[in-house]
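Quick notes on the structure that follows.
Remember, it's a predicted structure, so these values are computed and weren't measured experimentally.
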There are 2 protein chains.
Amino acid sequence: MQSRSTPPTRAGGRPRSAEADTAILEATRQALVDLGWTKLTMGDVATRAGVAKTTLYRRWAGKSELVVDAVAELFDELELPDSGSLATDIESVVLQFAALLGRPETKTALMAVVAESTSDEPLRERIRTSIVDRQKRLVLTGRARAQARGELPVEPDTATAAMTADLIFDVIAGAVVHRALVSAEPVDTEWAHRFTLLILGGLAAAASGQGA
Amino acid sequence: MQSRSTPPTRAGGRPRSAEADTAILEATRQALVDLGWTKLTMGDVATRAGVAKTTLYRRWAGKSELVVDAVAELFDELELPDSGSLATDIESVVLQFAALLGRPETKTALMAVVAESTSDEPLRERIRTSIVDRQKRLVLTGRARAQARGELPVEPDTATAAMTADLIFDVIAGAVVHRALVSAEPVDTEWAHRFTLLILGGLAAAASGQGA
DNA sequence: CAGCTTTCGCTACGGCTCGTAGCGTATCTG
DNA sequence: CAGATACGCTACGAGCCGTAGCGAAAGCTG
């Protein structure tokens, strides 16, 4: 995960405690649930983790970095089981993502760090590598499977194919996040079904009218 | 806007200064640009606005409420000029929304208050009434125009029509926000065009396969 | 006009968090 | 063993929070 800030010098001393690492990240998630973003403090996390406050600062520069790493782990739970059709693949990942966003630590943290990242370039990069880019794999494998099934045409131009993948990623992730967090309405199977139909229709249209 | 906290008792004293109100909201937006969300402080805003800190607390309970009101004003700039076709209507609003999210005060504040609202029910309600619900009008008028032109069928069932509008709203707003803030890629005309094609295709498919 | 009500700016305060420094101890490497 | 690093602990100045108390200003009402 490349999570903590690497010790600047080379090896040769007491290694950092791995138990402390996991305890801190777990404590951070729990603190997010109990306190939310603004009321979460470094000192509180340290106490919960049974660790000195200085230990936190030796590994993370601040609250934002800590929370990014604490939440990034959760996103790796997402999977794309091969359900046999593109429609059910999409519905599955939508519902999984919605369930993930239903957990209080996830929803609070994700928006907060994104907000912070808008005026913090290194943090933005950290989010991109730790969270965003890792989830694009879901779109790519989903498309590959659909193409193997013959449900989607193969886009010959590599650049165009990449743009389409990015577009789909933003549409799916964005819509679910907006529905769940901004509109604050439930992402249930009904909604997932309607949304999936919309996407499939759009993909079909884009496939026919290729020369956009 | 119903922004500030209403004075609990009835009228009959010195009225609150309207100049102070606008100065505070403007100072808040500027502070967001300069400092970002976490480093923005009530005291700093007060100084910028040329107002006592106590005056801020007489009107807003805290940072979140203040920022919501400061940003809500900006969203009212969005318009839906009747461009003659649904496609260009969508592209227009997408680009407008993207331009709005390009402004540092907007992007920082929007995500931050949404994050805060996940563990603050009154704040969530404030966001809903001050920002979210007011922008759904764009979807509704856009649909009405498209139906008048014959571009979209009229959905007979009121409940279904409302769900469709909510879906489209979440998809458009969510995709633009995700593209601009999470993926941190530009929302240019190219992207807007591709996205619009996707939406239109989805709408067409949903219209034909009505009995979802 | 006089009197009531509310807001305003200002100052001050206790409480909390921040992020760092310093120390002695613990743990691992060569 | 010597060197290097991490650890827990304590303490600290700095900054911000949100509130209280004051005298003065500015409207409304009769």
Side-chain angles (χ1 to χ4, degrees), chain A residues 3-28 31-32 34-67 69 112-113 116 119-120 122-123, chain B residues 3-28 31-32 34-67 69 112-113 116 119-120 122-123:
Chain A
S3 49
R4 338 156 199 68
S5 52
T6 330
T9 57
R10 53 176 168 32
R14 173 178 177 176
R16 287 187 175 168
S17 160
E19 292 86 0
D21 248 47
T22 60
I24 290 170
L25 293 176
E26 176 56 33
T28 303
L32 277 170
D34 296 345
L35 307 173
W37 165 260
T38 43
K39 293 182 181 170
L40 179 147
T41 70
M42 298 289 274
D44 186 84
V45 170
T47 307
R48 287 170 188 258
V51 157
K53 195 174 56 165
T54 45
T55 299
L56 262 74
Y57 280 103
R58 285 194 191 98
R59 309 183 185 201
W60 288 278
K63 190 157 97 168
S64 305
E65 291 80 2
L66 172 60
V67 170
D69 287 353
V113 295
E116 217 55 32
S119 52
D120 183 338
L123 183 62
Chain B
S3 47
R4 337 152 200 71
S5 51
T6 329
T9 57
R10 51 172 168 40
R14 172 177 178 176
R16 288 188 174 165
S17 159
E19 292 86 1
D21 248 48
T22 60
I24 290 170
L25 293 176
E26 176 56 33
T28 304
L32 278 170
D34 296 345
L35 306 173
W37 165 259
T38 44
K39 292 181 182 172
L40 179 147
T41 70
M42 297 290 273
D44 185 84
V45 170
T47 307
R48 287 170 187 259
V51 156
K53 195 174 58 165
T54 44
T55 300
L56 263 74
Y57 280 105
R58 285 194 191 96
R59 309 183 185 202
W60 288 279
K63 190 158 98 167
S64 305
E65 291 80 2
L66 172 60
V67 170
D69 287 351
V113 294
E116 216 56 32
S119 52
D120 184 338
L123 183 62

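- Remark: the backbone N or O of Arg16(B) is not paired with any side-chain donor or acceptor of Arg58(B) at under 3.5 angstrom.
- Between its opening and closing five pairs, the helix from dC1(C)-dG30(D) to dG30(C)-dC1(D) changes axis direction by 30°, a value rounded to 10 degrees.
- Atom CG in Asp44(B) sits about 8 Å away from atom P in dC16(D), given to the nearest Å.
- Under the side-chain hydrogen bond (donor to acceptor under 3.5 Å, both in side chains) criterion, Arg14(B) pairs with no residue, sequence neighbours left out.
- Remark: nothing in residues 36-43 of chain B comes within less than 4.0 Å of DNA chain C through any heavy atom.
- Rounded to whole Å, atom C1' of dC8(C) lies 13 Å from atom CD of Glu19(B).
- With hydrogens and angles ignored, the 3.5 Å screen pairs a side-chain donor or acceptor of Thr28(A) with a backbone N or O of Ile24(A).
- For the pair Asp120(A) and Pro122(A), the minimum side-chain heavy-atom distance is below 4.5 Å.
- At least one donor-acceptor pair under 3.5 Å links the side chain of Glu65(B) to the backbone N or O of Gly62(B).
- In this structure, Leu35(B) atom CG and dC16(D) atom P are separated by 10 Å, rounded to whole Å.
- Proximity of Thr41(B) to Leu35(B): side-chain heavy atoms (C-beta onward) are nowhere separated by under 4.5 Å.
- At the phosphate of dT5(C), neither OP1 nor OP2 sits under 4.0 Å from any side-chain N or O atom of Arg14(B).
- Rounded to a whole Å, the CZ atom of Arg59(A) is 9 Å from the C1' atom of dC7(D).
- Looking at the side chain of Arg16(A), the nearest of the listed nucleotides dT19(D), dG19(C), dC7(D) is dC7(D).
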Can you tabulate the close N/O pairs, meaning under 3.5 Å, that link protein atoms to atoms of nucleotides 8-11 of chain D?
unit_1	atom_1	unit_2	atom_2	d
dG8(D)	OP2	Ala52(A)	N	3.4
dG8(D)	OP2	Thr55(A)	OG1	2.6
dG8(D)	O6	Arg58(A)	NH2	3.4
dC9(D)	N4	Thr54(A)	OG1	3.0

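- For the pair Leu56(A) CG and dT17(C) C1', the computed distance is 14 Å after rounding to whole Å.
- Counting to the nearest Å, the P atom of dG19(C) and the CG atom of Leu66(A) are 12 Å from each other.
- Taking the side-chain hydrogen bond (donor to acceptor under 3.5 Å, both in side chains) definition, one finds that Thr38(A) meets it with Glu116(B), sequence neighbours left out.
- The backbone N or O of Leu40(A) sits less than 3.5 Å from a side-chain atom of Lys63(A), completing a donor-acceptor pair.
- Lys53(A) contributes no side-chain N or O that, together with a main-chain N or O of Val45(A), makes up a donor-acceptor pair within less than 3.5 Å.
- Partners of Asp44(B) under the side-chain hydrogen bond (donor to acceptor under 3.5 Å, both in side chains) rule, at least two apart in sequence or in another chain, are Arg48(B).
- Atom CG of residue Leu32(B) and atom NZ of residue Lys39(B) lie 13.5 Å apart, to the nearest 0.5 angstrom.
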